[in-house]
Amino acid sequence: MEKVKITIDGVQIEVPKNYTVLEAAKLLNKVIPTFCYHEKLPIFGGCRMCLVYDKKWNDTIIACGTYVYDGMEIETMNDRVFDDRKFILEMLFTRHPLDCPTCDKAGECDLQNWGTYYGPQINVLPLTPYDKIREEEDWQSKYFEFVSNRCVLCLKCVSVCEHVVGANTLFQEERGFEILISPDKKPMDSESSCEMCGLCVDVCPVGAILFKPFEHWTRAWLLKEKVTYCGMCSMQCPVAIDYDDKKQKIYRIRSTADLMVCSGAYLGYDIFEKNRLKEGLHNNTQIPKISAIQKLSKVINENPLKTALILSPYCTNESIENALALAEKTGMKVSSTITLDLIPAITGFEEETGSEYVLPSENDIKRSKKIIVIGDDIANTQPVLSYIFKDNYELGQIVPPKDKEIYFVGKEIDTLEKYSPTHISAETEDDLLEKVENLENLIPEIDEDTVIVYSTSTLKGENAYKIGKLLGKIKNSTKAETLIIPVERNAYGLMNRMEKFYYLPDIFEKIEKGEIENLILIGEDISLHFTEDKLNEIFLKLKNSAVITPFNDGLALSTNIAIGSSLWAEEDGTVEGFRGLKQIRKALKNVEEEKDILKKIIDSVKLIPEALKNEEDIALNFYNYPHFEKQEIKLWDFGYFSTRSDNLMNWKMQKTIKSEEF
């Protein structure tokens with residue numbers, strides 16, 4: 001790429017020709033104020049706060065929208081720049097209410113911060129506080145509030161909804177100082193196309209858009225921030241957790257500058273409060289956690305070879321390693337829900353391609369010309385993944401190609417409808433397999449610039465294995481990138497570590513035959529994959545059942561022993577998902593981590609000699625089990641966690657009631 005030499009505040013640097021002055025200045029750590037600019041959004045240039053001085057032009061220019069040229073000389077601060085920026089602030093404050101004591105944005109407000117930096121403001125127009133009042137715009141939402149008087153007209157909320165999320169929910173009414181931001185339909189929660197990602201709140205530089213569940217609860221400066229990776233699905237989105245360290249309470253979870261967050265984290269932050277199991281349960285009676293661990297250890301010691309351990313793909317790698325060490329020490333049989341969907345699909349794919357499966361990168365998707373979504377609506381199962389399907393911006397400029405062809409092969413389009421994909425209908429599982437087998441005849445020019453996206457929540461058992469083989473054949477003939485993505489945050493981490501395992505329906509068969517008497521569950525994933533009647537039947541045949549879970553309802557009430565454990569914002573460790581191996585950091589420290597509970601169990605059980613383990617050869621046969629249950633995943637569904645979120649379930653109720661009216 002061609003480069004040019006420019007001088008900023010007397011320092012000469014060389015930058016790519018397509019850089020703006022603002023991005024060039026960032027390389028020298030120069031602080032230039034902005035309201036409307038974000039590097040992930042197209043350049044707008046509306047606020048004019050980023051004015052700098054071009055010595056050759058002898059004038060001030062906007063840094064965010066002016067591209068560098070060879071020999072350019074810029075001063076980021078001089079008397080003229082200072083006065084111009086101060087005047088812009090004065091104009092904004094002329095129409096902005098000084099209600100910082102009651103505004104939830106106080107302490108993290110760009111207008112407040114820059115107003116303080118540039119000194120006392122002068123009211124340039126003879127307006128009283130009553131003259132500043134604009135027409136109010138009620139979004140009719142339980143989650144978001146628009147305060148028209150505070151809006152500085154940056155339109156970042158409209159831009160992020162259009163260019164990042166793709167929902168096109170927000171738009172501007174009127175012009176100039178009379179601009180109002182409004183949703184496409186009201187009530188917003190039930191009628192509009194809003195995905196409840198909260199990015200409009202996060203990018204707002206002032207307190208014009210507020211998150212109601214956070215409103216008036218605390219102040220930003222009273223909270224600590226922990227940046228980590230979200231644990232609600234396998235996308236590993238970087239998020240910022242704002243929490244009170246003394247109260248050990250999370251008040252909100254928001255996006256970082258990457259603008260990657262969805263309703264799972266934004267609304268689902270309240271899962272850390274509701275129905276938590278901090279100690280233990282024995283036959284639904286609360287006992288100390290250490291007593292529950294001792295009882296479980298006793299069950300294992302009495303008959304380890306008739307005990308099965310079911311691992312959760314939401315566990316950290318450290319928990320998985322401890323669980324596998326426990327199984328190795330005792331001879332327990334191991335399985336997981338990923339033996340139903342992810343492992344069959346990957347096995348079929350690798351058998352056809354003859355090579356190890358490798359996940360495509362985010363850049364592969366961004367730079368693809370064609371995207372084919374197969375099975376479940378990926379904008380429901382992994383909402384943030386759909387953000388990168390269309391126009392993407394880096395440093396304010398679009399990433400080519402500008403427009404992608406998008407196809408959907410499946411039963412029903414839901415959230416992905418925002419991109420108006422070409423729909424190839426497949427009403428049944430057999431129909432879907434047939435369509436995928438004939439995919440190259442149905443969709444023209446599938447090649448190396450194509451990405452095929454398949455969610456493992458679509459099919460189970462033999463059908464998951466079949467679609468894996470079909471995707472492998474397509475890979476061989478077209479060289480298209482293939483993204484086989486599970487919904488669970490660490491399904492790949494579990495698959496990469498679990499070497500000897502049983503197909504989960506085979507575990508059920510052994511329970512029915514009496515070959516397994518004790519069942520230990522880590523997490524509650526099993527409840528999402530099988531019918532309730534079958535699970536009840538299985539539990540009745542067991543001599544002992546136990547679950548390690550963060551919650552005191554659900555499976556904690558169906559098992560003999562329940563041990564309270566941690567959620568994703570309460571854990572340190574590593575996970576593997578769409579973005580590879582990532583280190584996660586905990587915010588809350590008042591809950592014992594799952595990996596530490598498993599370590600205590602390891603220390604409490606007896607070592608079974610190899611000669612006594614009676615290891616059998618495991619012949620994996622991925623068959624279609626008649627008691628599978630298909631979960632229809634919507635924007636508010638995130639594993640077994642989401643049912644514990646009042647925010648997500650209330651939103652679901654509003655959407656469901658509305659859909660039933662039609």
Side-chain angles (χ1 to χ4, degrees), residues 2-96 98 100 105-127 150-156 159 176-177 203-206 257 393-397:
E2 184 180 353
K3 292 191 174 184
V4 296
K5 292 182 179 180
I6 66 170
T7 302
I8 299 178
D9 292 340
V11 179
Q12 189 179 82
I13 60 170
E14 192 174 66
V15 298
K17 191 175 182 179
N18 66 342
Y19 264 41
T20 63
V21 175
L22 180 60
E23 293 303 332
K26 284 182 180 181
L27 298 177
L28 296 176
N29 296 320
K30 298 293 181 179
V31 178
I32 297 175
T34 63
F35 286 125
C36 69
Y37 177 80
H38 194 288
E39 65 176 22
K40 297 287 185 179
L41 300 176
I43 295 168
F44 176 50
C47 73
R48 323 304 285 182
M49 265 302 291
C50 63
L51 289 172
V52 294
Y53 186 73
D54 187 323
K55 294 178 71 174
K56 289 194 173 181
W57 289 5
N58 192 28
D59 203 355
T60 53
I61 59 172
I62 56 169
C64 74
T66 304
Y67 292 94
V68 297
Y69 59 86
D70 197 45
M72 188 181 217
E73 294 184 52
I74 294 294
E75 291 182 355
T76 62
M77 179 59 75
N78 57 30
D79 290 343
R80 182 171 176 182
V81 169
F82 185 92
D83 291 341
D84 284 354
R85 291 177 185 170
K86 185 178 176 69
F87 176 75
I88 290 168
L89 284 169
E90 288 171 346
M91 293 297 294
L92 290 173
F93 276 114
T94 297
R95 296 298 299 264
H96 193 92
L98 298 180
C100 301
K105 196 73 171 184
E108 51 187 6
C109 170
D110 290 348
L111 185 62
Q112 188 183 51
N113 294 340
W114 292 120
T116 302
Y117 181 85
Y118 285 93
Q121 308 300 311
I122 299 172
N123 198 345
V124 296
L125 294 174
L127 296 175
R150 297 175 185 158
C151 182
V152 294
L153 318 180
C154 71
L155 300 185
K156 277 200 290 189
S159 184
F177 273 112
V203 300
C204 181
V206 293
Y393 290 83
E394 293 175 1
L395 305 182
Q397 300 177 56

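Starting from 1, each residue takes its place in the sequence as its number. In what follows, every heavy atom counts, from backbone to side chain, and hydrogens, waters and symmetry copies are set aside.
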| query | Quick one: does F35's side chain get under 4.5 Å of L153's, heavy atoms only? | reply | no
| query | What pairs meet the salt bridge (Lys or Arg N to Asp or Glu O under 4.0 Å) rule with one or both residues in residues 105-117, with sequence neighbours excluded? | reply | E108-R252
| Counterpart residues, side-chain contact (heavy atoms from CB on, under 4.5 Å), relative to V203 (two or more places apart) | K156, V160, L259
| query | Are any side-chain N or O atoms of K86 and backbone N or O atoms of Y118, one a donor and one an acceptor, separated by less than 3.5 Å? | reply | yes
| field | Heavy-atom closest contact (I32 atom, A25 atom, distance) | value | CD1-CB, 3.7 Å
| said: side-chain contact (heavy atoms from CB on, under 4.5 Å), that's the test. Do R85 and M77 meet it? Break it down for me. | reply: CA-CA 10 Å; R85 291 177 185 170; M77 179 59 75; 3.4 Å; yes
| query | Is the number of heavy atoms from other residues, nucleotides or ligands within 6.0 Å of OH (Y117) greater than 12? | reply | no
| query | Are the side chains of C100 and C109 in touch, meaning some heavy atoms are under 4.5 Å apart? | reply | no
| Is atom CG of D79 surrounded by more than 12 heavy atoms (other residues, nucleotides or ligands) closer than 6.0 Å? | no
| Interatomic spacing from OG in S159 to OH in Y393 - rounded to 0.5 Å | 7.5 Å
| message | For a quick test of reading the model, state the closest non-hydrogen atom pair linking I62 to G45 and the distance between them. | response | CD1-CA, 4.1 Å
| message | Suppose the criterion is side-chain hydrogen bond (donor to acceptor under 3.5 Å, both in side chains): which pairs have a residue in residues 30-40, not counting sequence neighbours? | response | D9-K30, E23-Y37
| task | Decide yes or no on side-chain contact (heavy atoms from CB on, under 4.5 Å) for Y19 and L27, but give the supporting numbers first. | result | CA-CA 11 Å; Y19 264 41; L27 298 177; 4.0 Å; yes
| note | Distance col, row C64:SG vs L41:CG, nearest 0.5 angstrom, shows 11.5 Å
| query | Any side-chain heavy atom of T20 sitting closer than 4.5 Å to one from L395? | reply | no
| Have D59 and Y53 got a donor and an acceptor in their side chains that come within less than 3.5 Å? | no
| message | In the structure I gave you, are the side-chain heavy atoms of L89 and L111 within less than 4.5 Å of one another anywhere? | response | yes
| said: Quick check: do L51 and I88 have side-chain heavy atoms less than 4.5 Å from each other? | reply: yes
| task | Compare every heavy atom of A24 with every heavy atom of I6, then report the nearest pair and how far apart it is. | result | CD1-CB, 3.7 Å
| Between G115 and F93, which heavy-atom pair has the shortest distance, and what is it? | CA-CE1, 3.9 Å
| Heavy-atom side-chain proximity of E75 to V81 below 4.5 angstrom | no
| field | Interatomic distance, I13 atom CD1 to K3 atom NZ [nearest 0.5 angstrom] | value | 10.0 Å
| For F87, which residues count as a ring-ring contact (aromatic ring centres under 6.0 Å, His included) partner, sequence neighbours excluded? | none
| query | Applying salt bridge (Lys or Arg N to Asp or Glu O under 4.0 Å), which residue pairs with at least one partner in residues 62-73 are found, sequence neighbours left out? | reply | K55-E73
| Where P16 and V68 come nearest, the two heavy atoms and their spacing | O-CG2, 3.7 Å
| For D54, all residues meeting side-chain contact (heavy atoms from CB on, under 4.5 Å), sequence neighbours excluded | K56, W57, I61, Y69, M72, I74
